[in-house]
Amino acid sequence: ATAYSITASDKFCFYQSVEGYNITDLAYGTASAQAVTLSFWVKSSLTGTFGGALANDPVNPGWTYPFSYTISSANTWEKKTITISSNTVNSPGVTNGTGLAVTYSLGTGSTASGTAGSWQTAGYISTTGATSVVGTLNATWQITGVQLEAGTVATPFERRSYGQELALCQRYYTSFQYQTGGTTTSGVGFYGQAFYKQEMRTTPTLVFSSVGVVGNFDTAVPAVGSISNIREVSFYKTATATGSGIYSFTSTCSAEL
């Protein structure tokens with residue numbers, strides 16, 4: 001509702017985490033490390049020099065590469081291309097956690113701002129003196145077509161099929177529906193099992209919802225005793241009455257970085 005004055009420790013940013021398995025070809029931390037090129041389209045109601053960074057963590061990074069880009073015309077889409085040198089020192093390791101985070105600053109204090117153009121062992125997510133979007137009332141900042149790729153040349157934005165994108169997304173977030181029926185005995189439990197559409201990145205956080213009950217099955221959300229892994233979810237449910245019926249629910253599963 002008002003313009004915000006940035007303090008030294010503030011961090012306002014927009015970022016995308018990249019799973020470590022997806023950047024192993026960059027060979028970070030070795031003599032064979034590759035340079036990368038970041039390209040994107042950006043539009044803002046503000047003009048000036050803006051900041052961002054590649055970092056090993058978007059919130060509390062230990063090593064980063066701050067970068068800057070200039071928006072010349074207000075409310076106009078402009079394409080930006082930034083080449084980032086190879087990192088032969090730091091390595092995120094081969095992991096299903098965050099390997100790199102592409103961070104765009106919307107307003108960052110001096111503590112997390114540094115000089116652009118080199119890899120640094122520091123917690124920088126922006127560049128010193130960068131424009132603060134949150135510092136102007138009703139300012140806008142929009143971005144699209146972001147692509148991070150190995151090499152020093154920006155290629156056209158890669159457009160994958162809907163099916164490919166859906167399968168890739170389901171590694172990090174998905175949902176399923178479970179239904180069972182039969183005879184229940186009060187106080188006696190039963191087990192259920194469902195398989196994820198794709199192998200999840202890690203054991204997901206489960207949220208059971210949309211519970212539907214017919215007959216004498218327990219109406220409570222079946223969170224207690226739930227067990228899950230990256231391929232399937234198993235759970236245990238206790239009936240509240242003796243009889244026959246049908247029990248169904250939906251669940252969302254989040255394994256986001």
Check: T131 side chain, T49 main-chain N or O, donor-acceptor pair, under 3.5 Å:
yes
Run F67 and L38 through side-chain contact (heavy atoms from CB on, under 4.5 Å) and show every step you take. CA-CA 10 Å; F67 62 78; L38 176 66; 3.7 Å; yes
For the side chain of N56 and the backbone of P92, is there at least one donor-acceptor N/O pair under 3.5 Å apart? no
Separation between CG (L106) and CD1 (I6), nearest 0.5 Å, reads 9.0 Å
Would you check if V42 and I71 make a side-chain contact, meaning some heavy-atom pair closer than 4.5 Å? yes
Of all heavy-atom pairs linking A139 and S45, the shortest is CA-OG, 3.4 Å
query = Looking just at side-chain N and O atoms, do T155 and E149 make a donor-acceptor pair shorter than 3.5 Å?
reply = yes
V133 reachable from V146 in the ILVMFWY side-chain graph, under 4.5 Å edges = yes
To the nearest 0.5 Å, atom OG1 of T174 lies from atom CD of Q198 at 8.0 Å
Shortest non-hydrogen pair, G151 vs Q34, comes out as N-OE1, 4.4 Å
Separation between CZ (F12) and CD1 (I125), nearest 0.5 Å, reads 10.5 Å
Are any non-hydrogen side-chain atoms of L46 and T140 less than 4.5 angstrom apart?
no
Look only at the side chain of K80 and the backbone of S39, and say whether a donor-acceptor pair between them is shorter than 3.5 Å.
-> no
Q.
Does S73 form a side chain to side chain donor-acceptor pair (under 3.5 Å) with T76? I'd like the steps, not just the answer.
A. CA-CA 6 Å; S73 300; T76 303; 4.8 Å; no
Closest non-hydrogen contact found for W77 with T144 is CZ3-CG2, 3.9 Å
query = Between F50 and Y65, is there a shared hydrophobic cluster once you connect ILVMFWY residues whose side-chain heavy atoms come closer than 4.5 Å?
reply = yes
Between the OG atom in S85 and the CH2 atom in W119, the distance rounded to the nearest 0.5 Å is 7.5 Å
Notebook entry, point to check: Checking S91 side chain against G93 main chain: does a donor-acceptor pair fall under 3.5 Å?
Noted result: yes
Do the non-hydrogen side-chain atoms of L166 and R160 ever get within less than 4.5 Å of each other? no
Next on the checklist: Hydrophobic clustering (ILVMFWY, side-chain heavy atoms < 4.5 Å, transitive) - are L148 and F40 grouped together?
Outcome noted: yes
Please tell me whether I82 and Y104 are part of a single hydrophobic cluster in this structure, the criterion being side-chain heavy atoms less than 4.5 Å apart.
yes
Quiz item: Can you check side chain to side chain donor-acceptor pair (under 3.5 Å) on Y172 and E19, steps first, answer last?
Solution: CA-CA 10 Å; Y172 302 95; E19 186 175 345; 2.5 Å; yes
Taken to the nearest 0.5 Å, the spacing of Q147 CD from E158 CD works out to 6.5 Å
* Apply the test side-chain contact (heavy atoms from CB on, under 4.5 Å) to residues T37 and V153: give CA-CA distance (whole Å), side-chain angles for both, the deciding distance (0.1 Å), then the verdict. => CA-CA 6 Å; T37 297; V153 177; 5.7 Å; no
query = Got C253 and S251 here, is their nearest side-chain heavy-atom distance under 4.5 Å?
reply = yes
One should read off an interatomic distance between N87 CG and Y28 OH, to the nearest 0.5 angstrom, of 6.0 Å
Answer yes or no: is there a side-chain heavy-atom contact under 4.5 Å between S175 and K197?
yes
- request: Applying side-chain contact (heavy atoms from CB on, under 4.5 Å), run through S44 and Q142 and close with a yes or a no.
  value: CA-CA 6 Å; S44 177; Q142 298 166 265; over 6 Å; no
Heavy-atom closest pair (S17 atom, P58 atom, distance to 0.1 Å) is OG-CG, 3.9 Å
**Q.** T24 side-chain N/O to V94 backbone N/O, donor-acceptor pair under 3.5 Å
**A.** no
- For side-chain contact (heavy atoms from CB on, under 4.5 Å), just list the numbers for Y196 and Q170, CA-CA rounded to whole Å, side-chain angles, deciding distance to a tenth of an Å, and then say yes or no. CA-CA 8 Å; Y196 303 128; Q170 287 170 339; over 6 Å; no
Centres of the W141 and F14 rings: under 6.0 Å? yes
Just so I know, are the side chains of L26 and V36 near enough to count as touching, which here means a heavy-atom distance under 4.5 Å? yes
Between S86 and A33 the two heavy atoms that sit nearest each other are CB-O, 3.2 Å
### Query
Distance-only, no hydrogens or angles: does the R231 side chain make a donor-acceptor pair with backbone N or O of E199 under 3.5 Å?
no
ask   = Under 4.5 Å between side-chain heavy atoms, hopping through other hydrophobics if needed: is there a path connecting I143 to Y69?
value = yes
- Query: Is the backbone of S126 close enough, under 3.5 Å, to the side chain of T108 for a donor and an acceptor to pair up by distance?
  - Reply: no
Indicate yes or no for a side-chain donor-acceptor contact from T47 to the backbone of A74 under 3.5 Å, with no hydrogens or angles considered.
no
**Prompt:** Under the 3.5 angstrom rule, does the side chain of E165 hit a backbone N or O of Y162 as a donor-acceptor pair?
**Reply:** no
Taking every heavy atom of V233 against every heavy atom of F176, the minimum-distance pair comes out as CG1-CZ, 3.1 Å
